[in-house]
> 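Before we start, here is the structure in question, set down as structure tokens.
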Amino acid sequence: MAKRKTEQQPLDDLEFAIGLAGNSGEQPITARKAGGLSDLELCISPALTKPAVALRNLAKALNLALKTDFLETDLDEIYKAARVRNGTVEILHKDYFGLGDGVMASFGKAIKSFQLTLQGPDAASLEGKAWIEKYGNSPVSGIFNLLGRKLNLLQEFEDKVPDYVEQVLDRLEAKKVIVNWNRNEWEIQTTLVGLDVVIRPKEKPND
């Protein structure tokens, strides 16, 4: 008896996300196949669910947003991953990713920050990376730019990061990846050294 031929889908075309276990022998159903990852509806309100759950859901959603094959954002190029740590969600800057935590990590990040300054103006930002790519490394421009930013003569990239994060969460809510997103429930800041983003629930959210 001739064997029936079956078509095999190339591995590059296969898309898998959160797998749902089925009966033995059945092909798993995935969230991406079911709804293009737009049906997760993760609650991120610390007022409507446990804060720990809201933080975990927020980190999951942000990690999805940082995947370039899912949702293009302005943060994709410079931030690598999100994690829950010490009652906050941290979004880790790729230039400082892997340096760890603690006092020695802060020292390493300070050295890395100085190295980036010698590459050119605001080298850890989107605009700075674009400038360096166009004009090449320029330590003098980097140092003058740093002085201008610290003297508040120039707008710093970290001042705009909270707005970028808000845009990402707005997009995720529109995609129904998250629900109950309320800007007034969260504080969004950047770390002094390393430019990681720290998102924490407000103790008393504003109306």
Side-chain angles (χ1 to χ4, degrees), residues 42 44 46 51-68 70-133 142-143 145-150 152 154-173 177-178 181-203 205:
L42 301 170
I44 65 165
V53 174
L55 290 167
R56 186 170 65 244
N57 287 343
L58 179 57
K60 287 180 181 178
L62 287 169
N63 277 316
L64 286 175
L66 294 172
K67 295 172 72 70
T68 57
F70 170 59
L71 180 65
E72 295 290 344
T73 72
D74 291 332
L75 300 181
D76 284 344
E77 298 179 24
I78 52 177
Y79 286 95
K80 189 173 183 68
R83 67 176 180 177
V84 178
R85 180 173 179 267
N86 296 334
T88 69
V89 170
E90 296 180 347
I91 312 177
L92 306 177
H93 196 290
K94 73 174 187 178
D95 287 330
Y96 302 92
F97 188 77
L99 293 179
D101 306 304
V103 176
M104 293 305 297
S106 296
F107 181 69
K109 289 179 180 180
I111 294 176
K112 181 65 176 181
S113 180
F114 180 72
Q115 291 174 340
L116 289 170
T117 296
L118 295 181
Q119 290 182 15
D122 208 3
S125 71
L126 291 169
E127 296 85 354
K129 289 183 181 299
W131 190 95
I132 294 170
E133 184 177 348
I143 292 173
N145 180 270
L146 175 64
L147 292 175
R149 288 185 283 115
K150 296 311 175 185
N152 291 325
L154 299 172
Q155 186 180 32
E156 292 192 90
F157 166 71
E158 49 261 46
D159 295 334
K160 297 180 283 185
V161 167
D163 293 332
Y164 286 139
V165 174
E166 286 186 45
Q167 291 172 8
V168 171
L169 293 173
D170 286 341
R171 296 181 191 181
L172 288 170
E173 186 175 44
V177 174
I178 60 172
W181 151 236
N182 183 348
R183 176 64 179 89
N184 292 327
E185 292 182 338
W186 300 94
E187 293 180 0
I188 305 175
Q189 301 172 326
T190 55
T191 56
L192 182 62
V193 179
L195 287 183
D196 293 338
V197 183
V198 178
I199 310 173
R200 59 171 52 88
K202 290 184 179 179
E203 294 183 2

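Fair warning: this is a prediction, and the values are worked out from it, not measured in the lab.
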> Kindly give the heavy-atom pair with the smallest separation between Lys129 and Ile78, and that separation in Å.
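Looking at all heavy atoms of both residues, the shortest contact is CE-CG2, 3.6 Å.
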> Is any side-chain N of the basic residue among Glu127 and Lys160 closer than 4.0 Å to the acidic one's carboxylate O?
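Salt bridge flag = yes for Lys160 with Glu127.
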> Strictly by salt bridge (charged side-chain N to carboxylate O under 4.0 Å, His left out), give each pair with a member in residues 114-125 just once, sequence neighbours left out.
Asp122-Arg149
> Would you find a donor on one side and an acceptor on the other, under 3.5 Å apart, between the side chain of Asp196 and the backbone of His93?
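Side chain of Asp196 to backbone of His93, a donor-acceptor pair under 3.5 Å: yes, one is there.
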> Roughly how far, to the nearest 0.5 Å, is CG of Asn63 from CZ of Arg83?
11.5 Å
> State, with a plain yes or no, whether a side-chain heavy atom of Leu92 is found less than 4.5 Å away from one of Tyr79.
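When only atoms from C-beta onward are counted, Tyr79 and Leu92 do not touch, as no gap falls below 4.5 Å.
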> Out of Val197, Ile188, Leu58, Asn57, which residue meets the side chain to side chain contact (heavy atoms under 4.5 Å, CB included) rule with Val89?
Leu58
> Do Ile91 and Leu66 have side chains that get closer than 4.5 Å, going by heavy atoms?
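They are in side-chain contact.
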> Between Thr88 and Ile199 (side chain of the first, backbone of the second, donor and acceptor by atom type, cut-off under 3.5 Å), is there such a pair?
no
> Give, for atom CG of Leu172 and atom CH2 of Trp181, the distance between the pair rounded to the nearest 0.5 Å.
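One gets 10.0 Å once the value is rounded to the nearest 0.5 Å.
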> For residues 161-168, please give each side-chain donor-acceptor pair under 3.5 Å, one per line with the distance, not counting sequence neighbours.
| from | atom 1 | to | atom 2 | distance (Å) |
| --- | --- | --- | --- | --- |
| Glu166 | OE2 | Arg183 | NE | 2.7 |

> Just so I know, are the side chains of Leu62 and Leu169 near enough to count as touching, which here means a heavy-atom distance under 4.5 Å?
yes
> Side chains of Glu185 and Lys202: does their closest heavy-atom pair fall under 4.5 Å?
no
> Of all heavy-atom pairs between Pro201 and Leu55, which one has the smallest distance, and what is that distance?
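What the structure gives for the nearest pair is CD-CD2, 4.1 Å.
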